[in-house]
**Q** 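Handing you this structure, nothing more for now.
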Amino acid sequence: MERWTIYLGAVILCASAGLTASDGPQSGQPNCAPTVDSACEINEKVASMESFRARTEDGDILTTNQGLKISDDSNSLKAGVRGSTLLEDFILREKITHFDHERIPERVVHARGAGAYGFFQVYNSLANITKAKFLQDPKKKTPVFVRFSTVGGFRGSADTVRDVRGFATKFYTEDGNFDIVGNNMPIFFIQDAIKFPDLIHSVKPEPHNEIPQAQSGHDNFYDFITQQPEAAHMLMWVNSDRGIPRSYANMEGFGIHTFRLINEQGVSRFVKFHWKPYLGVHSLTADDAGKLVGKDPDFHRRQLWESIASGAFPEWELGLQIVEAEDEFKFDFDILDPTKLIPEELVPVIRVGRLVLNRNPDNYFAETEQVAFCIANIVPGIDFSDDPLMQGRIFSYLDTQITRLGGPNFQEIPINRPVCPFLKNNQRDGLHRDTINVGQTNYHKNTLNAGLPKEATPAAGFQGFPERIAANKVRARSPSFDDHFSQAILFWTSLSSWEQDHLVDSFTGEMAHCQPAIRERLVRLLLNINESLSNRVALNVGVKIDPMPYHTAPPKPVTPSPALSQRNQSKDTILTRVVAVLVADGVNGQAVAQFKNAIIAAGGNVSIIAPRFGTVTPAEADGALIPVNGTFGTFPSVLFDAVFIPGGASSVALLGKIGAAVHYVQEAFVNLKPIAAAGEGVELLKQVGWTPQDAKPPAGVVINDGNAISNAFTAAFVEAIKQHRFYEREKTSSVPS
């Protein structure tokens, strides 16, 4: 019924845009596909893709790629029914040959990902700081395609491993494609692009045995990274809770590098790009993340797909940190250093527009796999800085697409095509060239074709910022890049105590797979950041070191930045949160219905979890059977954000006899999730170890004395769900795991 409701919603939305599910393109508008679209957001990019979509229709006949109708697709051509297959079977050969060549090289990094279409809309014109047209008109919705990814793992790895997450956004603007090719962390491991191959080689599976997959906790990575003190800051980020986000919609995004914004008057300002999630920044626990690798390796991509399909569109705000050109050197760090961030307390993030993802792709390979992001894709009004990592990425991202997508014409793939006129140049031929260039000339300048295509006027074309350069050609780094530890210290001191605990635990887990000499090097590196951090990790991994740290440059005094802690993130919604409701025969059916209605009204959702699939019989004689969404084994607690145990004496008594049900509640408790119980449901909490005598419930546990669900009870539980996790429970042992 829910799927059908989504389908109907798509048809209604399509009809409101002047289309029905069976309509073809009208006036350049796309055909709405209700099985894919949860909303028919008409934009230029979606429209431009329609001529490339192939939909099955009633009466379609199976054919070869040459258009020959096939009458038998189940048997190859043989010499007799038991004889050899004949070489002349061109239908078999075409089918097998195409199958043998269906795979393309996966991305070297960011191989595993998920993507979606949407739009960006600026709040107010930014003409005073940039001439980029998509940042001028608050009425205009610029089409986008966004791809999220993990960095280290192969395409078949799991979503919830500890890793940096890619957050790449392609804006299809009237002046060409603009790509922000960023991550969910504002900095990176290295300062110079020449070290990028070494970094990625080290974090990938070790070449002699191809182990481990999508894991950084191994000798090669930490052998390399502990010899790169510039990586200290990024090591802190990736081993923090930011490395295991709850969902893509709960991630911040960052452009990492310092760019330039240039206005019509030619005035340049430095800028850092931020994406601020509407749902706030929240993470999984390490236990949840590890178990999800096995229970649901597609956890993040499934969340993204189902959120869009259900109309709960993920949303972010674009934030800008603006630094005036004359302030470039006012900080005690270099704004061109990609291992440094600009604290928001020094330069506030100005929120200038919103990004909404509202359409799933039609075909993963054609769109999400073949989309090509290039940091070199910029538009007038935006320019590069001299960040040495950025300078290498400008080359590398273009170069890698040529290998991955089969040649220099990858921009002709539908997902990569701009919505403005393009290919108006003299570049010709190459693999997979689709464009048929008509005419005699293929060079500039020419007189035989009236000089076409002509150069744009300086005002209309792209012009880089005329930065004055007077320097010697050297292989060296600026001394302003030498302070590798001050911002790592800033990050540590800005975290809450529970975030610091998690960081210690993560480093401990990473070192479990490294040899003692490498453990010692990490502990020594951490000593430059914080003595307590270093000592706690050293104790956990069993090493002792000389107390003298190795400073490359003395760290500077720091003031904690509240913006860096997830403790201070938005906690005012339960959108996309899902509550597991544990039931068995004899459950209070009215309580289940009331609870479900209250959670859905607040923006969340519920799943009914029972000992078996099918239906559960309520306690009420005239009550309707309750459909079951999953069982304790097939839908474990790690998939959910909270747990509710309704009353019903028979139901609770049966749940108490099922070890998987008892474990369900225990696991939710130790993973710090909100838990609610009503009436006899409280007895199950007592059974798993909570004893409420003369004590209030633990943090995040909401109790209702009677079976009837009150508004106050559901309101209290909704508030608990908004908090996401109750980290103060990590200090309790009252409920065993």
Side-chain angles (χ1 to χ4, degrees), residues 120-138 140 142 144 167-183 186-187 252-276 316-331 333-338 340-344 346-355 373-391 393-394 397 418 420 456 458-469:
F120 171 78
Q121 188 172 23
V122 70
Y123 294 146
N124 296 291
S125 174
L126 301 179
N128 61 319
I129 59 174
T130 179
K131 59 183 178 182
K133 292 179 182 176
F134 77 100
L135 295 174
Q136 308 294 316
D137 185 0
K140 182 175 178 58
T142 299
V144 301
F167 192 136
T169 307
K170 185 181 291 291
F171 299 79
Y172 300 96
T173 85
E174 59 192 285
D175 279 331
N177 291 350
F178 168 52
D179 294 352
I180 298 180
V181 193
N183 290 330
I187 55 171
E252 283 184 288
F254 304 90
I256 303 171
H257 308 290
T258 299
F259 289 78
R260 289 182 183 270
L261 294 180
I262 305 168
N263 64 16
E264 288 285 1
Q265 292 74 42
V267 177
S268 169
R269 296 172 174 86
F270 294 104
V271 63
K272 281 188 177 287
F273 296 112
H274 295 247
W275 292 116
K276 297 291 188 179
W316 294 258
E317 288 185 293
L318 177 64
L320 306 180
Q321 280 183 302
I322 306 293
V323 176
E324 298 293 336
E326 59 268 24
D327 293 334
E328 178 179 0
F329 302 105
K330 72 177 286 187
F331 307 101
F333 54 89
D334 196 322
I335 65 172
L336 301 185
D337 181 351
K340 305 297 190 296
L341 55 81
I342 303 177
E344 294 185 24
L346 295 182
V347 180
V349 175
I350 304 168
R351 304 191 184 208
V352 300
R354 67 182 186 129
L355 168 71
F373 294 95
C374 298
I375 196 171
N377 292 349
I378 57 175
V379 293
I382 300 172
D383 205 352
F384 310 115
S385 72
D386 292 331
D387 173 341
L389 180 60
M390 173 195 276
Q391 293 291 318
R393 292 180 77 200
I394 292 170
Y397 278 66
C420 64
F462 177 81
Q463 288 184 309
F465 179 70
E467 181 180 8
R468 186 177 181 276
I469 299 174

**Q** Using side-chain contact (heavy atoms from CB on, under 4.5 Å), reason through F273 and V271 one step at a time and then give a plain yes or no.
**A** CA-CA 7 Å; F273 296 112; V271 63; 4.0 Å; yes
**Q** Decide whether a cation-pi geometry holds between K170 and F373; the criteria are a distance under 6.0 Å from NZ or CZ to the six-membered ring centre and an angle within 45° of the ring axis.
**A** yes
**Q** Who passes salt bridge (charged side-chain N to carboxylate O under 4.0 Å, His left out) against E467, sequence neighbours left out?
**A**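 Per chain and number, E467 pairs via salt bridge (charged side-chain N to carboxylate O under 4.0 Å, His left out) with R260.
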**Q** Yes or no on side-chain contact (heavy atoms from CB on, under 4.5 Å) for L389 and H257, after CA distance, side-chain angles and deciding distance?
**A** CA-CA 8 Å; L389 180 60; H257 308 290; 3.7 Å; yes
**Q** Between CD1 of I375 and CZ of F384, what distance do you get to the nearest 0.5 Å?
**A**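 So the CD1 of I375 and the CZ of F384 are separated by 7.0 Å.
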**Q** With rounding to the nearest 0.5 angstrom, report the OG1 to CZ distance, T130 to F259.
**A**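 The distance works out to 12.5 Å.
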**Q** What orientation do F171 and W275 show, parallel under 30°, tilted 30 to 60°, or perpendicular over 60°?
**A**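 Parallel, since the angle between the ring planes stays under 30°.
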**Q** Please round to the nearest 0.5 Å and tell me the distance separating atom CG of L318 and atom NE2 of H274.
**A** 9.5 Å
**Q** Flag the pair I322 / F270 as yes when at least one side-chain heavy-atom distance between them is below 4.5 Å, and no otherwise.
**A**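 No - every pair of side-chain heavy atoms lies 4.5 Å or more apart.
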**Q** Where is the tightest heavy-atom contact between Q321 and I342, given as atom of each residue plus distance?
**A**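 Closest approach of Q321 to I342, heavy atoms only: NE2-O, 2.8 Å.
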**Q** Can I get a per-line list of side-chain donor-acceptor pairs under 3.5 Å for residues 324-331, giving both atom names and the distance, sequence neighbours left out?
**A**
{"unit_1": "E324", "atom_1": "OE1", "unit_2": "R269", "atom_2": "NE", "d": "3.1"}
{"unit_1": "E324", "atom_1": "OE2", "unit_2": "R269", "atom_2": "NE", "d": "3.1"}

**Q** Looking at OG of S385 and CD of Q391, how far apart are the two atoms once the value is rounded to the nearest 0.5 Å?
**A** 7.0 Å
**Q** Looking at P138, is its backbone amide N or carbonyl O close enough to the side chain of Q121 to form a donor-acceptor pair, meaning the two atoms are under 3.5 Å apart?
**A** yes
**Q** Begin from the C-alpha positions of I378 and F462 and carry the test side-chain contact (heavy atoms from CB on, under 4.5 Å) through to its verdict.
**A** CA-CA 9 Å; I378 57 175; F462 177 81; 3.6 Å; yes
**Q** I need the Q265 CD to N128 CG distance, nearest 0.5 Å.
**A**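 Here the rounded value is 9.5 Å.
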**Q** If you define the side chain from C-beta out and look only at heavy atoms, does anything of L341 sit under 4.5 Å from P343?
**A**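 Contact flag for L341/P343 side chains = yes.
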**Q** Hey, is the main chain of V181 close enough, under 3.5 Å, to the side chain of D179 for a donor-acceptor pair?
**A**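 Checking the backbone N and O of V181 against the side chain of D179, no donor-acceptor pair under 3.5 Å is found.
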**Q** Can you name the closest pair of heavy atoms from V379 and A132 and give their distance?
**A** CG2-CB, 4.3 Å
**Q** Of the non-hydrogen atoms in I335 and V323, which two are nearest, and what is the gap between them?
**A** CD1-CG1, 4.5 Å
**Q** Which heavy atom of K276 sits nearest to which heavy atom of E344, and what is that distance?
**A** NZ-OE2, 2.7 Å
**Q** Quick one: salt bridge (charged side-chain N to carboxylate O under 4.0 Å, His left out) partners of D387, sequence neighbours excluded?
**A** none
**Q** Closest approach of L261 and I129, non-hydrogen atoms and distance?
**A** CB-O, 3.4 Å
**Q** Can you tell me how far the CG atom of D137 sits from the CG atom of L126, to the nearest 0.5 Å?
**A**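 Between D137 CG and L126 CG, I get 11.5 Å after rounding to 0.5 Å.
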**Q** Identify whether the distance between the nearest side-chain nitrogen and carboxylate oxygen of D337 and K340 falls below 4.0 Å.
**A**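 Looking at K340 together with D337, the answer is yes, because their closest N to O distance falls below 4.0 Å.
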**Q** Does the pair F134 and E174 meet the rule for a side-chain contact (heavy atoms from CB on, under 4.5 Å), with working shown?
**A** CA-CA 7 Å; F134 77 100; E174 59 192 285; 6.0 Å; no
**Q** Which heavy atom of G255 sits nearest a heavy atom of I180, and at what distance?
**A** CA-CG2, 4.0 Å
